[in-house]
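All values below were derived from every heavy atom in this structure, side-chain atoms included, with hydrogens, water molecules and symmetry-related copies excluded. Proteins get letters first, then strands, A, B, ... in listed order; numbering begins at 1 in each.
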Protein chains: 2
Amino acid sequence: MYSQISETPIFKGFNSDEVSDILKSTHHQIKTYEPKEIIAFSGEECNNLFVLVEGSIRGEAIDYNDKIIKIEDVFAPDTFAEAFLFADQNNLLINIVANTKSKILIIHKDDLLRLFHSNKKILENYLNIVSNRFVLVTKKLKFLSLKTIKAKLASHFIELSKKSKNKTIFLGKTQMELADYLGVTRPSLARTIKEMKDEGIIEVPGKMIRIIDYNKLKKLTE
Amino acid sequence: MYSQISETPIFKGFNSDEVSDILKSTHHQIKTYEPKEIIAFSGEECNNLFVLVEGSIRGEAIDYNDKIIKIEDVFAPDTFAEAFLFADQNNLLINIVANTKSKILIIHKDDLLRLFHSNKKILENYLNIVSNRFVLVTKKLKFLSLKTIKAKLASHFIELSKKSKNKTIFLGKTQMELADYLGVTRPSLARTIKEMKDEGIIEVPGKMIRIIDYNKLKKLTE
DNA sequence: CTCAATTTGTAACACTTGTTACATTTTTAA
DNA sequence: TTAAAAATGTAACAAGTGTTACAAATTGAG
């Protein structure tokens, strides 16, 4: 099991022997959860770092009509609920539920602080995780603040193009999935793609998107 | 000056003598900026913690047409650009510009790490700042994902009501400012307030908002 | 290959919000 | 107190997106 734990980002750079040593001198729990079991409840104070060693969990919000909305899946090896651990108001905004049988390493924040102090690398790992999470959320925020579907779509195409370093993008999604991802309806998305095609900004050969006019595309993201 | 620095959140709990001691053993710079001077450029890697000791700065984005969009003001004593300091991709997304003559304490992240290791309280302060920032951004995200003006407004009224623990809210803003804050236009905001009034959800005596039907209000935020 | 299921294209219409404009009320400064 | 400035109420219209519906094209399992 220590080798599994050494795969998680918070223990990056440690081998299983080192993980074993660290955990021997750090108060912690390891809990196993069954599928659908609730790991932590929305509203609860969250004073523990959760390290998902094995399995998969999800966060889900419950709206006014008791309808469940899935927010995010997390797969081992990873951590979750780590970014607001030291906030003044550290209440969970979502329920944490096991998708599959899951093994979770739980470290209280006070013990974590001690660990930070005795082990510089763990601290650096933690800071790295939290900072990366922050960058992600900030990007999401920037994306959400785009007002039109065209702007969102253009921004998305530019991101994909940057990643693949290619003017021709392969969309690994159906229109329906892409529409969901962008938070818009499928017919509206189709209409927007058509408009961009008509304006000579992109071509759509099959399941691909070819960027014809990068400047126009960029201008749309304002 | 040390007493000013001791007012900043990263040095919370230290008096000026202690701050003086800490800074004696920590590599740092103190720089002064004139109004409109650019402190850091968008795109630059950001490897320093900025502690705003005196004055006021702003973040501003520049769009494709070189139009400047103000993002956020920060007033001393506070820190900024701290949350993504340890991210893999730690490039600034905005320019940092001085509003007024400002004094800034600059600590490189390597020196900061050393400081964390030698001083537990500083580390805790930093973790607290970053976590709180994360909670703020997450709330903003949740807010932005609300689709209608009514939902945003309802959510805002509920927040204010929770804070003041009172069904009657004092809006310290003009409609124009509130509209800006919500990212909508002023006439649309006025129209929405009128609708909520007509539906018997709120009353608007003068500059106040009185919540009449809390349940209906809450239902609007879905 | 073939047929059913899925995905995509498209159109008509409704709803929400932005735009512009102007009248009215309130606030502020002289 | 009074005139100018700022804030607010409101209306007509435009733009963007959602909703619903259905046909055409594509995909996939047998």
Side-chain angles (χ1 to χ4, degrees), chain A residues 63 65 67 69 143-157 160 168-210 212 216-217 219-222, chain B residues 63 65 67 69 143-157 160 168-210 212 216-217 219-222:
Chain A
D63 75 7
N65 300 317
K67 210 177 69 181
I69 302 163
F143 187 77
L144 257 184
S145 67
L146 296 175
K147 276 168 191 161
T148 63
I149 296 182
K150 244 181 199 158
K152 286 180 186 176
L153 199 55
S155 168
H156 187 239
F157 287 162
L160 287 181
T168 302
I169 304 159
F170 177 67
L171 290 177
K173 290 177 177 173
T174 65
Q175 275 192 8
M176 187 63 229
E177 288 167 336
L178 182 56
D180 263 353
Y181 175 73
L182 300 180
V184 302
T185 60
R186 205 266 312 159
S188 293
L189 175 64
R191 174 169 45 200
T192 303
I193 290 175
K194 186 178 180 300
E195 282 168 13
M196 289 171 80
K197 211 163 49 179
D198 291 348
E199 291 163 21
I201 299 173
I202 57 170
E203 283 175 2
V204 188
K207 295 273 153 197
M208 317 291 278
I209 300 287
R210 181 173 308 122
I212 303 302
K216 272 192 194 168
L217 199 64
K219 222 172 269 184
L220 288 179
T221 65
E222 287 157 25
Chain B
D63 75 11
N65 299 317
K67 211 177 69 180
I69 302 164
F143 187 78
L144 256 184
S145 67
L146 296 174
K147 276 170 192 160
T148 63
I149 296 182
K150 245 181 196 156
K152 287 180 186 177
L153 199 55
S155 167
H156 187 240
F157 286 162
L160 286 181
T168 302
I169 304 158
F170 175 68
L171 290 176
K173 289 176 179 176
T174 65
Q175 275 192 10
M176 187 62 229
E177 288 167 336
L178 182 56
D180 263 354
Y181 175 72
L182 299 180
V184 302
T185 59
R186 207 265 313 161
S188 294
L189 174 64
R191 174 167 47 202
T192 304
I193 290 176
K194 184 177 181 303
E195 282 168 15
M196 290 171 80
K197 211 162 53 176
D198 291 348
E199 290 164 23
I201 298 172
I202 57 171
E203 283 174 1
V204 188
K207 295 274 153 193
M208 318 291 279
I209 301 285
R210 182 174 307 122
I212 303 300
K216 272 192 194 166
L217 199 65
K219 221 172 271 181
L220 288 178
T221 66
E222 284 159 24

Could you state the CD1-P distance from B:Ile149 to D:dG16, rounded to the nearest angstrom? 16 Å
If you round to the nearest 0.5 Å, how far is OG1 of A:Thr185 from CG of A:Asp180? 10.0 Å
Specify the separation, in whole Å, of atom CG of A:Leu146 and atom C1' of D:dT17. 16 Å
Check every strand shown and say whether B:Ser188 touches a base, only sugar-phosphate, or nothing at a heavy-atom separation below 4.0 Å. base
Nearest-Å distance for atom pair NZ/P, residues A:Lys194 and C:dA11: 7 Å
Rounded distance (Å) that lies between atom C1' of D:dT8 and atom CE of B:Met176: 12 Å
Could you check whether any side-chain N or O of A:Glu199 sits under 3.5 Å from a backbone N or O of A:Met196, counting only pairs where one atom can act as donor and the other as acceptor? no
Out of C:dT10, C:dT17, D:dG9, whichever nucleotide has its closest atom nearest the side chain of B:Ala190: D:dG9
Rounded to the nearest Å, what distance is computed from the CG atom of residue A:Leu182 to the C1' atom of nucleotide D:dG16? 15 Å
If you only use heavy atoms from C-beta on, which nucleotide in C:dT20, D:dG18, D:dA21 is closest to the side chain of A:Pro187? D:dA21
Reckon B:Lys207 touches a base, only the sugar-phosphate, or nothing at all at heavy-atom distances under 4.0 Å? sugar-phosphate
Is there a side-chain contact between B:Gln175 and the phosphate of D:dG9, meaning an N or O under 4.0 Å from OP1 or OP2? yes
Quick one: which of C:dT17, C:dT8, D:dG18 gets closest to the side chain of B:Arg191? C:dT17
Between C:dT6 atom P and A:Leu178 atom CG, what is the distance in whole Å? 20 Å
Nearest-Å distance, CD1 (B:Ile193) to P (D:dG9)? 7 Å
Please work out if A:Lys150 contacts a base, only the sugar-phosphate, or nothing of the nucleic acid, heavy-atom cut-off 4.0 Å. nothing
Determine whether a donor-acceptor pair (N or O, by modelled atom type, separation under 3.5 Å) exists between the side chain of A:Thr192 and the backbone of A:Ser188. yes
How is B:Thr185 classified with respect to the nucleic acid when contacts are heavy atoms under 4.0 Å: base, sugar-phosphate, or nothing? base
Starting at NZ of A:Lys147 and ending at P of C:dT17, how long is that distance when rounded to a whole Å? 13 Å
For B:Lys173 and for A:Arg186, find the nucleotide of DNA chain D with the closest heavy atom, then tell me which residue's nucleotide is more 5'. B:Lys173
For a salt bridge (charged side-chain N to carboxylate O under 4.0 Å, His left out) check, start with the C-alpha distance between B:Lys150 and B:Glu195, then their side-chain angles and the critical distance, and finish with the verdict. CA-CA 9 Å; B:Lys150 245 181 196 156; B:Glu195 282 168 15; 3.3 Å; yes
Can you tell me how the ring of B:His156 sits relative to the ring of B:Tyr181, calling it parallel under 30°, perpendicular over 60° and tilted otherwise? tilted
